[in-house]
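Order of the sequence lines sets the chain letters (A, B, ...), proteins ahead of strands, with each chain counted from 1.
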Amino acid sequence: MSNPVRVRFAPSPTGFLHVGSGHSALANWLVARQMGGEFLLRIEDTDVERNRPELVDNVLEMLHWLGLDWDGTPVHQSERGDLYAAAAEKLVAAGSVYFCDCTGDVVQARNKEAGGKPGYDGFCRDRNLEPGPGRAARFRTPHEGRTGWDDLVRGEVSFANADLEDFVVLRGNGAPMFLLANAFDDADMGITHVIRGEDHVNSTPKYLLLVDALGMARPEAFAHMPLLVNEGRKKLSKRRDDVSMSDYRDRGYLPEAMVNYLALLGWGPADGVEVRPISEIIDLYRLADVNASPAFFDQKKLSFVNAETIRGLSSEEFQRRAEPFLTYGAPAVAALASLATEVQERVRTLTEVEPMIEFLVVDEPEMDEASWTKAITKGKAVAEMLDATIARLDALAPGDWAPEHIQAAVSQAAIDAGHVNEEGGPQLSKAQGPVRVAISGRTVGPPLWESITVLGRDRTLARLRGTRASVG
RNA sequence: GCCCCCAUCGUCCAGCGGCCUAGGACGCCUGCCUUUCACGCAGGUAACACGGGUUCGAAUCCCGUUGGGGGUGCCA
């Protein structure tokens with residue numbers, strides 16, 4: 001029996017949690033939950049200059065929102081300086097590193113002179129410099145051999161050691177670099193599976209060499225997840241692309257839909273059922289089945305998954321989820337309650353809910369110009385239809401103000417106004433346009449009879465008369 | 001430049017040597033249902049990058065080409 005699985009998500013607090021990081025975090029979480037292992041969090045905040053501690057809150061908040069619950073307390077690298085110093089000391093003692101006083105500019109100048117190849121040229125490798133202020137410690141990479149691993153998603157990957165430059169392990173100010181802290185921590189924390197983005201593939205051989213030099217155990221496995229790309233097939237970037245997880249939350253996406261969609265990027269269930277509960281995804285997910293090629297983050301498909309997920313909610317749950325998006329407060333909550341199932345089936349995101357019931361909340365619905373043009377300006381027998389509808393609705397007994405009677409009344413009005421089909425029946429598709437626009441300001445919305453029922457007699461009649469007046 | 005990775009419909013996924021006349025999903029288009037919209041239903045559109053091998057047989061294996069991406073910091 002091998003060790004229980006232990007994975008980690010290791011964000012650096014340099015920005016809001018983005019969908020690409022969410023994708024990697026999810027893969028880690030799925031593996032941990034499936035295997036009954038642990039999902040740990042480690043904040044990689046070794047770069048004091050770039051750190052924005054407040055962003056840690058966003059990362060944690062978003063992971064929590066997504067339902068990616070972690071085990072234990074997040075580890076902060078900024079609090080583990082002594083450990084890295086001791087590890088570095090070990091490397092020095094073993095002769096695995098050497099000190100270097102070359103500045104970036106100097107290295108660059110030398111490279112330019114030598115023919116423009118980037119990377120450190122090993123200038124100080126044999127200078128036997130003593131440690132001192134401003135002197136960085138560089139790892140002495142072997143010049144022969146290869147370093148590789150069997151990647152769970154990519155298969156065998158290996159690099160010639162000769163292609164690996166002597167990378168910095170300790171900065172001139174004594175602070176640890178990413179690779180040292182990262183590799184040391186994984187070993188120290190007993191991480192069994194390192195699951196991260198493809199952009200880390202190139203640093204993995206260095207990581208491995210470092211772990212070996214430290215005399216620590218290599219992780220059992222690595223998995224480098226496909227990168228998420230934009231329409232230009234470029235890695236999703238904070239600047240260009242729509243990647244902030246909290247933005248999606250604010251735009252009315254459900255966390256379970258986001259997680260469901262993210263799982264579908266690079267992977268798909270064998271039975272082809274794409275929209276499904278996370279519990280099933282936990283059971284079915286296999287890193288070995290994850291594609292190695294980059295995946296396009298398709299907002300259209302995300303919307304589809306979101307709409308499906310919304311429709312799968314119970315009505316009560318749907319209303320509960322929509323509530324934070326109702327800017328009109330209690331009246332909107334009540335309005336939604338009266339038309340919940342009708343609205344639920346029609347929205348793709350939670351932000352689309354309020355516009356659909358707004359006509360029930362405001363005194364005067366905002367008139368959509370395109371709708372007005374389509375149904376009123378260009379409509380046929382508009383005045384007749386409005387007059388007839390007013391008359392028929394006004395004649396309805398108070399106790400009859402219900403969908404079926406309203407339907408009957410409007411149908412009669414349609415016939416009155418001449419909106420009839422070949423059999424002489426009411427042609428509702430044409431007739432309902434002006435009525436709908438009159439009461440809601442738009443040509444699209446929840447079913448008319450229910451809408452009118454909920455709107456109530458007085459407001460319905462008032463709006464119909466108001467619209468009739470402006471038709472002239 | 002160098003190193004690494006990738007390559008099936010526009011997009012995501014299936015396919016792991018014969019079941020492929022290449023399947024599903026999103027998108028798009030048609031039609032049906034229908035009080036608008038949405039849902040649902042029935043169709044349609046559309047792909048194995050190219051060239052060599054290996055094999056009785058290749059989308060599937062190997063090599064190359066081309067194309068794309070990632071990395072190349074005293075960032076993570």
Side-chain angles (χ1 to χ4, degrees), chain A residues 10-14 44-47 49-50 77 100 102-104 107-108 115-120 134-138 151 153-155 157-160 162-165 167-175 177-179 181-182 197-205 224 226-227 229 231-235 261 264-275 289 291-298 300-305 307 311 342-348 356 371 374-375 407 410-411 414 426-433 435-437 440 442-451:
Chain A
S12 73
T14 51
E44 308 221 315
D45 50 358
T46 51
D47 187 350
E49 258 97 272
R50 259 167 267 255
Q77 290 190 326
C100 167
C102 301
T103 63
V107 174
Q108 219 168 52
K117 34 188 181 300
Y120 185 64
R135 290 181 177 178
R138 286 185 183 274
D151 197 283
V153 343
R154 268 150 234 278
V157 181
S158 76
F159 291 74
D163 289 330
L164 271 20
E165 64 173 322
F167 57 95
V168 173
V169 151
L170 230 42
R171 293 179 172 83
N173 64 8
M177 285 291 285
F178 159 71
L179 272 165
N182 184 259
E198 192 198 335
D199 45 352
H200 287 283
V201 167
N202 296 275
S203 65
T204 303
H224 287 93
L227 252 22
V229 299
E231 41 282 275
R233 299 249 119 214
K234 295 269 196 288
K235 179 168 88 158
Y261 176 62
L264 259 18
L265 256 20
W267 175 84
D271 62 11
V273 179
E274 296 188 319
V275 180
D289 294 338
N291 272 330
S293 38
F296 171 57
F297 187 82
D298 186 0
K300 280 196 171 142
K301 182 127 187 188
L302 204 214
S303 286
F304 165 77
V305 174
R311 280 181 229 118
E342 286 81 2
V343 172
Q344 184 171 1
E345 194 175 275
R346 288 170 171 74
V347 294
R348 294 172 80 79
M356 254 182 217
S371 294
K374 187 180 172 198
Q407 173 171 9
V410 176
S411 298
Q427 202 170 33
L428 265 7
S429 59
K430 294 251 173 59
Q432 58 95 38
V435 178
R436 180 180 291 281
V437 169
S440 74
R442 324 196 311 174
T443 50
V444 304
L448 232 208
W449 326 137
E450 283 76 7
S451 296

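Between A:Pro226 and A:Leu265 the shortest side-chain heavy-atom distance does not fall below 4.5 Å. Residues A:Val157 and A:Thr204 have side chains not in contact (no heavy-atom distance under 4.5 Å, counting atoms from C-beta outward). In this structure, the side chains of A:Cys100 and A:Tyr120 come closer than 4.5 Å at one or more pairs of heavy atoms. Here the side chains of A:Val229 and A:Lys234 are not in contact, with every heavy-atom distance at 4.5 Å or above. Two residues are said to be in side-chain contact when any heavy atoms from C-beta on lie closer than 4.5 Å; A:Phe178 and A:His200 meet this criterion. Within the 4.5 Å cutoff, the side chain of A:Val305 has no heavy atoms near those of the A:Glu274 side chain.
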Going 5' to 3' along nucleotides 21-36 of chain B, which nucleotides have protein heavy atoms under 4.0 Å from the base (write B), which only from the sugar-phosphate (write S), and which from neither (write -)? ---BBSS-------BB
Sugar-phosphate or base contact per nucleotide [nucleotides 62-76 of chain B; S, B, -; heavy atom under 4.0 Å]: -------BBSSBBSB
Mind running side-chain contact (heavy atoms from CB on, under 4.5 Å) on A:Val169 and A:Met177 for me, showing each step along the way? CA-CA 5 Å; A:Val169 151; A:Met177 285 291 285; 5.7 Å; no
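Across all strands shown, nothing is found opposite B:C75 as a Watson-Crick or G-U wobble partner with both distances under 3.5 Å. In this structure B:C19 sits in no base pair that meets the Watson-Crick or G-U test at under 3.5 Å. The partner of B:G31, taking Watson-Crick or G-U wobble pairs whose two distances both stay under 3.5 Å, is B:C41. Under the Watson-Crick and G-U wobble criteria, each requiring two contacts below 3.5 Å, nucleotide B:A46 is left unpaired. Pairing partner, B:G10: B:C26, with both Watson-Crick or wobble hydrogen-bond distances short of 3.5 Å. Both distances falling under 3.5 Å, in either a Watson-Crick or a G-U wobble arrangement, occur for no nucleotide opposite B:A59.
Atom P of B:G24 sits at a distance of 36 Å from the matching atom of B:G64, rounded to the whole Å. Atom name C1', nucleotides B:A58 and B:C2: the rounded distance is 34 Å, in whole Å. To the nearest whole angstrom, the two P atoms, one in B:C28 and one in B:G71, are 33 Å apart. A distance of about 15 Å separates the P atoms of B:U66 and B:G51, rounded to the whole Å. Nucleotides B:C48 and B:C9, compared at atom P, are 7 Å apart to the nearest Å. When the C1' atom is compared between B:C13 and B:C50, the two are found 25 Å apart, to the nearest whole Å. Taking atom C1' on both B:U45 and B:C61, the two are 33 Å apart, rounded to the nearest angstrom. When the P atom is compared between B:A38 and B:G31, the two are found 14 Å apart, to the nearest whole Å.
Going from atom CZ of A:Phe296 over to atom C1' of B:A7 covers 18 Å, rounded to whole Å. In this structure, the CZ atom of A:Arg311 is 12 Å from the C1' atom of B:C37, given to the nearest Å. Between the CH2 atom of A:Trp267 and the P atom of B:C16 there is a distance of 18 Å, given to the nearest Å.
Dashed line: the shortest gap from a side-chain N or O of A:Asn291 to OP1 or OP2 of B:A14 is under 4.0 Å.
Here A:Phe304 and A:Tyr261 keep their ring centres 6.0 angstrom or further from each other.
Summarising the geometry, atom CD belonging to A:Gln432 is positioned 11.0 Å from atom OG belonging to A:Ser411; distances are rounded to the nearest 0.5 Å.
By the side chain to side chain donor-acceptor pair (under 3.5 Å) test, A:Glu198 is found to be paired with no residue, residues two or more places apart in sequence or in another chain being considered.
The nearest heavy atom of RNA chain B to A:Val157 and to A:Met356 marks one nucleotide each, and the one closer to the 5' end goes with A:Val157.
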